[in-house]
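Worksheet for the structure shown next.
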Amino acid sequence: MLSPTSVKDALQSAAPVAPIQVQGWVRTRRDSKDFSFIELNDGSCLRNLQIIAENWLPNYADVQHLTTGASIIVRGELVASQGKGQNWEVVADKIDIVGGADDTYPLQKKGHTPEFLREIAHLRPRSNLFGCVFRVRSRLAFAIHQFFQERGFIYVHTPIITGSDCEGAGELFRVTTIDAKNPPRTQSGEIDYAKDFFLRPTYLTVSGQLEAEAFASALSKVYTFGPTFRAENSNTSRHSNEFWMIEPEMAFCDLNGNMDLAEEIVKYLIVDLRENCAEELGLFAKFVDKELLARLDFVFERKFRRIPYTEAIELLKKSGEKFEFPVEYGLNLQSEHERWLTEKQKCPVTVFNYPKEIKPFYMRLNDDGKTVTAMDLLVPGIGEIVGGSQREERLEVLEANMRRHKMDPADYKWYLDLRRYGTVPHSGFGLGFERMLMFVTGVSNIRDVIPFARTPGSAEF
RNA sequence: UCCAGCGUAGCUCAGUGGUAGAGCGGUCGGCUGUUAACCGAUUGGUCGUAGGUUCGAAUCCUACCGCUGGAGCCA
């Protein structure tokens, strides 16, 4: 039994191969006088393998009716191509037509808009663009693990179903087995979640951070990498209700060490993809974003600028730029401000030490009593790609922060225990996986870097 | 959720009150070691949905749905 060769391996062959078996989907077909050219793609790489189907094949009439989208198994010989444009091609001895595709097949050999392809999310990975996107997505995930594993980080699986409803990050999807038509009620008539499956209200996680802190307080350096769910009605090209996030957490690490790691990983991932996804990046640079490679090199070569929030406000005020939203200490930086910081300054920027009023309870209070050790890494084109902080490790200060945020410390006993027993300064951040993927591919809509995106009103596939 | 724009053939679009169009794709034929092939013919429509104005609506009005861009929330 002949084992199949991937299109990628066939195209990289150093010598002719006979016999060879390849299999995949027909991208396009052209007839010549005595034979037919078939472009075969199996998703192993961007390029197609050219198949020569000669007219003596017993099923040649059927081969001539092969259309874009059909699946075939080809046996033959890999030989040097007589034509230009490819080094190798397969001269077929036998072509098995596995599954036809009739004229309702929506993909054409010519270009489609990403918006149209999004409507056929089940077929779009068969397009050049999305094949590239999802190969890069795979490599990016691998490179992230590699980055952390090389540095001694332990991979932690934090829960997807969580009981804490106030992690300071967005609206939550409720997880319940209660019958919506006949829910148990409390005496006051409210739905009684104490009778729900977990005997308490539960939700899909919006962050694994709190649990990662527990593991960092034992294994020193950990990271999570998993799905995250936010029930926000966000309709933008940068938001999805289900996305993946990487959250490193490091014990005995302050904000500077945290910023070092965030900047290092962004650079590492760029270098890795430049090396391992050159063909795919080439396609993005050609069809998606002409400046992509220059921007990636720019981010890689340039030292990231670090600007305290207070200084960023001063820079924006002195910029002379007319912003739609006010620039004032104590206000959040708006998209237009972040854009100015990264695009006008022409470099990635890490803004840190934000006013405590605009940041969550777990961030460490600075000695000035006014700011917390928050940091946001901003990149040109996307904006915030990393958000993190040094965590408040002092029990009393953390409890005070909770009360200031109208949270009851009693609800966070286990989290506070981490400060009661062997507390240490520790830091971490969240890196948006899809945002990183958008940044390295130039694809401008988050829906186009997720296999089957979940956005408000949209969960068809 | 808010603001703006757009929904016409399988795809990309033109058509701004008077008979529904083009290119590409598909199909058929021709030509050809071709490669977003080429040449000829042909196929193709509830003009997003529902109301309304008008002698007459793809075109004007209203509502809804969807998509795109921007904003907020954030990763």
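Residue numbers begin at 1 in each chain, while the letters A, B, ... track the order of the sequences.
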Is [X] touching bases, backbone alone, or none of the nucleic acid, heavy atoms closer than 4.0 Å?
X: A:Ile52; answer: base
X: A:Gly432; answer: sugar-phosphate
X: A:Glu324; answer: nothing
X: A:Thr67; answer: sugar-phosphate
X: A:Lys109; answer: sugar-phosphate
X: A:Leu431; answer: nothing
X: A:Ser240; answer: base
X: A:Asn233; answer: base

Compute whether any side-chain donor of one residue and acceptor of the other, for [X] and [Y], lie under 3.5 angstrom apart.
X: A:Thr350; Y: A:Glu263; result: yes
X: A:Arg238; Y: A:Asn445; result: no
X: A:Glu39; Y: A:Thr28; result: no
X: A:Thr373; Y: A:Gln390; result: no
X: A:Arg230; Y: A:Thr228; result: no
X: A:Glu247; Y: A:Ser207; result: yes
X: A:Glu213; Y: A:Tyr362; result: no
X: A:Tyr223; Y: A:Glu249; result: no

Is there a donor and acceptor pair, one atom on the side chain of [X] and one on the base of [N], closer than 3.5 Å?
X: A:Glu336; N: B:rG70; answer: no
X: A:Gln50; N: B:rU34; answer: yes
X: A:Ser234; N: B:rC74; answer: no
X: A:Arg447; N: B:rC67; answer: no
X: A:Gln86; N: B:rU34; answer: yes
X: A:Ser81; N: B:rG33; answer: yes
X: A:Asn235; N: B:rU1; answer: yes

What pairs with A:Arg139 under salt bridge (charged side-chain N to carboxylate O under 4.0 Å, His left out), at least two apart in sequence or on another chain? A:Asp272
Parallel, tilted or perpendicular: which fits the ring planes of A:Tyr354 and A:Tyr309, with parallel below 30° and perpendicular above 60°? tilted
Please verify the inter-ring angle class for A:Phe116 with A:His112; under 30° counts as parallel, over 60° as perpendicular, anything in between as tilted. tilted
What is the base-pairing partner of [N], counting Watson-Crick and G-U wobble geometry with both distances under 3.5 Å?
N: B:rG10; value: B:rC24
N: B:rG29; value: B:rC39
N: B:rU1; value: B:rA71
N: B:rU19; value: none
N: B:rA50; value: B:rU62

Select from A:Gly457 and A:Glu384 the residue whose nearest nucleotide in RNA chain B is closer to the 5' end of that strand. A:Gly457
Closest-nucleotide 5' rank along RNA chain B - winner of A:Ser458 and A:Lys33: A:Lys33
Euclidean distance, atom [atom1] of residue [X] to atom [atom2] of [N] [Å, nearest integer]:
X: A:Gln334; N: B:rC74; atom1: CD; atom2: P; answer: 11 Å
X: A:Gln64; N: B:rU34; atom1: CD; atom2: C1'; answer: 14 Å
X: A:Leu283; N: B:rA36; atom1: CG; atom2: P; answer: 14 Å
X: A:Asp103; N: B:rG26; atom1: CG; atom2: C1'; answer: 6 Å
X: A:Glu338; N: B:rC74; atom1: CD; atom2: P; answer: 11 Å
X: A:Asp34; N: B:rU34; atom1: CG; atom2: P; answer: 14 Å
X: A:Asp31; N: B:rG29; atom1: CG; atom2: P; answer: 10 Å
X: A:Phe173; N: B:rC74; atom1: CZ; atom2: C1'; answer: 14 Å

Euclidean distance for [atom1], [N] against [M] (whole angstrom):
N: B:rA14; M: B:rA50; atom1: C1'; answer: 27 Å
N: B:rC3; M: B:rU46; atom1: C1'; answer: 32 Å
N: B:rU54; M: B:rC60; atom1: C1'; answer: 9 Å
N: B:rG56; M: B:rU49; atom1: C1'; answer: 22 Å
N: B:rU59; M: B:rG48; atom1: C1'; answer: 15 Å
N: B:rC13; M: B:rG17; atom1: P; answer: 23 Å
N: B:rC47; M: B:rA58; atom1: P; answer: 7 Å
N: B:rA20; M: B:rC39; atom1: C1'; answer: 28 Å

OP1 or OP2 of [N] versus the side-chain N and O atoms of [X]: is any pair under 4.0 Å?
X: A:Arg30; N: B:rA37; result: yes
X: A:Thr104; N: B:rG26; result: no
X: A:Arg29; N: B:rG25; result: no
X: A:Ser32; N: B:rG33; result: yes
X: A:His65; N: B:rG26; result: no

Could you encode protein contacts along nucleotides 8-13 of chain B as a string, one character per nucleotide from 5' to 3', using B for base contact, S for sugar-phosphate-only contact and - for no contact, with a heavy-atom cut-off of under 4.0 Å? --BSS-
Nearest-nucleotide pick for A:Glu232, side chain only, options being B:rC73, B:rG33, B:rG69: B:rC73
Between CG on residue A:Asn332 and CD on residue A:Glu328, distance to nearest 0.5 Å: 13.5 Å
Output yes if the stacking criterion (under 5.5 Å between centres, under 30° between planes) is met for A:Phe243 over the base of B:rA75, else no. yes
